[in-house]
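For reference, the structure is listed below as structure tokens.
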Amino acid sequence: YDGCRQAELAEEQYAHLDQIPALDVQAEQGIVPDLTCRWQFSARNNIGAIHFQSKLYVVGGEILHPVESVLGSSGDTWYRDDTVPVTLITTKPEDDTSDSLFVFECDEPACLFEYMIEVVDEDTDEVVSTFAEWTKTTGVGLDYVDWLPGGRYRLRARAIDPSGNVDNVFDESRNQHTWTYVPKIPLALILSILFAFLLMIVAVFLEIRRRKKKAALERYALKRMRRKFKGMQKKNQKAREAKAGKGKGKGKGKGKGKGKGKGMGKGGRPPPNRGADSGQGKKRAKRDPSTQYLSKPQRAPICEEAIQFFRKQTEFKQRFEIHCGPTSGWRTSAKLSVRGTPPVVGMFAPGSHHVIPLTHSVVHHPSINTMMDLTARALVDEKVKGYDGINPGGVSYLCANVESWTKKVQLIVVVNAKTPARDMPWMQKLQSNLQATRKGNSLLHSLWLHCNPTGRHENNIYSFEHDAWHQVFGPEAVTESMVTAEALPHLPKLYFPPFVFRQANTTAFGKILTEVRRWIEPGSRVVELYGGVGTIGLHLLDLSKSLLCSDENPHNRACFNKSLKTLPRSLQAKATYATGSAETIAMGGALNDAEICIVDPPRKGMEPAVVECMGSSPSLRRIVYVSCGFKAFQRDCAALQAKGFLVVHGEGHLLFPGSNHIETVAVFERVETVSIGAR
């Protein structure tokens with residue numbers, strides 16, 4: 001038996017194995033005429049055979065060597081495959097798209113695939129020509145993106161199993177697909193041409209600029225030569241006149257008369273120094289970059305930008321109101337730069353690292369102005385070095401936080417060093433110097449030393465490292481109670497050590513708290529991201545069912561827990577705190593059960609992962625966004641709208657009146673709940 005037909009033997013013989021009778025294989029030896037029979041072994045006799053699972057298996061036998069005519073035994077096993085494979089196209093391109101991938105499958109293992117592509121008529125789907133004859137693929141797929149032009153095609157695929165059986169029946173829903181291919185737009189080529197065009201424009205601009213500069217230098221050189229030539233002529237003329245004696249007596253009586261001399265006043269006296277003191281306050285305000293729009297804070301450019309932005313929001317029907325509190329004495333937290341020796345205390349000029357001397361500002365709390373003035377004098381008296389902007393060492397910043405109810409100042413001296421040096425006894429001298437005066441002794445709440453070795457181009461004044469803070473004198477934290485428009489049944493006491501964030505304008509921020517409370521529905525599950533010490537969240541416990549507050553500063557949790565203990569136990573049970581970035585907290589599933597989310601991110605706005613978690617939360621229906629960076633807010637607003645949230649309320653708060661800055665309070669609601677969000 002050779003795998004397809006009975007060998008021509010004089011007598012059929014079947015072996016018996018262990019008293020098991022031989023199997024009659026005559027019925028299995030017939031071949032269906034349509035199938036291909038392929039074998040890879042020689043004709044043999046004395047074989048063993050078994051019929052199992054609809055297949056005939058042949059075992060061993062004797063093989064006649066074709067050259068030496070010698071019988072040899074074989075121990076291999078073979079079976080006959082008479083089943084036609086079934087081909088299936090599992091992945092195929094959609095019609096009228098630039099998709100370019102086919103994936104083939106077969107109902108038998110180890111199949112090879114062939115495909116043929118025909119060009120068909122776009123109206124009748126009749127075959128016009130053959131684009132590619134039957135071609136074998138190297139795998140189970142086909143991607144024609146690099147070689148197939150646009151048009152309408154029909155692809156046929158067939159499988160060939162290891163026995164050589166071929167699937168020659170084609171069905172449009174199984175192994176045949178007709179579609180219209182639209183090639184992708186060559187973006188890389190377009191961008192390359194555009195870049196080359198822009199590069200050419202820049203090159204032309206630079207060349208024109210170079211030629212103009214060259215012409216200007218030539219004109220300047222020519223004018224300079226003319227001046228030099230005229231000067232030489234005048235010098236020679238004077239020399240000739242002096243030689244001829246014509247210059248005698250010249251200049252006699254110069255300056256005679258009353259007040260005739262240059263720069264002289266009546267009677268020859270110098271004029272009085274008019275304006276030496278007048279307008280000094282205006283000059284100081286002008287030098288303070290944060291008071292540029294102090295006369296009319298709502299005329300700052302950012303205010304008009306915010307109004308126009310909310311006007312373009314189609315779902316936002318109300319008027320965008322901008323609230324502004326007092327314009328003087330509102331700042332209760334200030335940071336001033338210190339540079340040079342003797343140290344100069346002030347603010348950086350916009351866009352530079354040059355310090356403008358400034359210890360007084362109309363926007364600072366009076367206690368800050370007094371304390372900064374005393375400290376600046378004390379630094380000079382004790383011969384303390386200021387940071388030079390390059391080399392480590394020296395005082396780099398003075399920071400002051402006012403405790404509103406006592407008007408005392410928490411003073412932080414920031415030194416550009418990793419650890420306090422042994423030669424810093426001036427800190428005790430500074431404390432003694434400040435407490436030696438009546439004003440200083442009555443205003444100094446506490447004194448801190450903070451070590452932060454930042455570079456010149458780094459903006460972080462503080463670091464989170466706990467060992468960078470050294471308490472020299474006084475209590476650890478100032479305490480504050482926010483004032484809101486409505487009287488709360490239980491007002492939390494907030495704790496602010498120097499290494500946590502606090503609002504600089506507590507009066508204006510109280511109005512923001514009042515507005516946030518308006519959007520908290522009683523009994524809601526609330527999550528606050530970027531929560532700091534709980535300045536917002538702790539004022540919502542009487543309205544919420546539960547509150548999860550979080551922030552990445554590791555020092556905030558202790559302050560939150562201290563404030564929480566000042567509230568009744570019924571409110572304490574509602575609140576929990578998690579330390580971590582907003583991205584970590586959101587991705588950890590904190591928003592899965594939340595109904596309202598409050599965010600007060602830094603100026604850079606929210607991370608994209610936070611927005612993604614908000615969009616995927618099944619229960620989140622409202623977001624209250626308190627923004628301190630308007631450009632980042634515009635970006636986040638578009639991202640939230642793309643996730644199905646709409647702006648239903650917005651208003652502005654000038655927490656820094658006089659500067660080009662606005663705090664935005666915006667309320668977003670999911671599209672399906674926006675009808676119940678209007679309040």
Side-chain angles (χ1 to χ4, degrees), residues 290-291 297 323-336 359-375 398-412 434 438-448 462 471 473-517 531-540 555-556 559-560 562-567 600 626 628 653-659 661 663:
S290 65
T291 59
H323 305 275
C324 182
T327 58
S328 62
W330 53 264
R331 181 181 280 278
T332 58
S333 179
K335 301 177 179 67
L336 296 183
T359 56
H360 282 70
S361 176
V362 67
V363 300
H364 286 174
H365 191 282
S367 297
I368 291 181
N369 284 333
T370 303
M371 182 57 68
M372 286 297 185
D373 190 25
L374 292 173
T375 307
L398 291 178
C399 307
N401 300 316
V402 177
E403 191 174 54
S404 302
W405 61 285
T406 62
K407 299 182 181 179
K408 291 190 175 184
V409 178
Q410 178 189 68
L411 182 64
I412 305 100
L434 293 174
R438 183 176 59 84
K439 288 185 178 180
N441 188 43
S442 62
L443 288 180
L444 188 61
H445 172 276
S446 55
L447 180 62
W448 288 78
Y462 294 155
Q471 187 175 358
F473 162 78
E476 182 185 33
V478 297
T479 59
E480 292 287 349
S481 295
M482 306 297 291
V483 179
T484 59
E486 58 177 326
L488 301 185
H490 303 285
L491 194 63
K493 181 186 292 186
L494 302 176
Y495 289 82
F496 294 104
F499 35 77
V500 301
F501 172 78
R502 62 167 286 173
Q503 293 292 338
N505 192 341
T506 55
T507 303
F509 196 78
K511 297 180 180 179
I512 292 180
L513 277 178
T514 302
E515 184 59 29
V516 172
R517 283 180 57 86
V533 299
T535 305
I536 297 178
L538 288 171
H539 291 82
L540 309 177
H555 306 294
N556 286 335
C559 300
F560 180 88
K562 283 185 178 181
S563 300
L564 193 61
K565 291 179 180 179
T566 64
L567 296 174
D600 185 6
V626 181
C628 63
H653 293 262
L654 300 184
L655 263 63
F656 304 92
S659 64
H661 179 82
E663 299 266 338

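Since the structure is predicted, the reported quantities are computational estimates derived from the model, not experimental observations. This chain uses plain numbering: 1 for the first residue, then up along the sequence.
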> Can L398 and M371 be said to form a side-chain contact (heavy atoms from CB on, under 4.5 Å), step by step?
Replying inline: CA-CA 10 Å; L398 291 178; M371 182 57 68; over 6 Å; no
How long is the straight-line distance from [atom2] of [Y] back to [atom1] of [X], given to the nearest 0.5 Å?
| X | Y | atom1 | atom2 | result |
| --- | --- | --- | --- | --- |
| S333 | H364 | OG | NE2 | 9.0 Å |
| W448 | N401 | CH2 | CG | 11.5 Å |
| I412 | C399 | CD1 | SG | 5.5 Å |
| D373 | T359 | CG | OG1 | 4.5 Å |
| L494 | C559 | CG | SG | 9.5 Å |
| R438 | L443 | CZ | CG | 9.5 Å |

Nearest atoms (heavy-atom pairs only) where [X] meets [Y]:
| X | Y | value |
| --- | --- | --- |
| V363 | T327 | CG1-O, 3.8 Å |
| N505 | L655 | ND2-O, 3.1 Å |
| Y462 | P498 | CE1-O, 3.5 Å |
| G534 | F560 | CA-CD1, 3.9 Å |
| K408 | L444 | CD-O, 4.4 Å |

> Cut-off 3.5 Å, side chains only: do T479 and E403 have a donor facing an acceptor?
Replying inline: yes
> Between E476 and S446, does any side-chain donor sit less than 3.5 Å from a side-chain acceptor?
Replying inline: no
Can you find a heavy atom in the side chain of [X] that is under 4.5 Å from one in the side chain of [Y]?
| X | Y | value |
| --- | --- | --- |
| Q503 | D600 | yes |
| K493 | K562 | no |
| H539 | L491 | yes |
| M482 | P492 | no |
| V626 | H653 | no |
| F496 | T535 | yes |
| F656 | R331 | yes |

>> Within the supplied structure, the quantity of interest is the number of heavy atoms (other residues, nucleotides, ligands) at a distance under 6.0 Å from K407 NZ; does it exceed 12?
In response: no
>> Angle between ring planes, H555 versus F499, binned at 30° and 60°: parallel, tilted or perpendicular?
In response: tilted
>> I'd like to know if the side chain of T566 reaches the main chain of S563, judged simply by a donor and an acceptor atom lying under 3.5 Å from each other, with no hydrogens or angles considered.
In response: yes
> What's the verdict on side-chain contact (heavy atoms from CB on, under 4.5 Å) for E480 and V533, showing C-alpha distance, side-chain angles and the deciding distance?
Replying inline: CA-CA 12 Å; E480 292 287 349; V533 299; over 6 Å; no
> Yes or no on side-chain contact (heavy atoms from CB on, under 4.5 Å) for I536 and F509, after CA distance, side-chain angles and deciding distance?
Replying inline: CA-CA 10 Å; I536 297 178; F509 196 78; 3.9 Å; yes
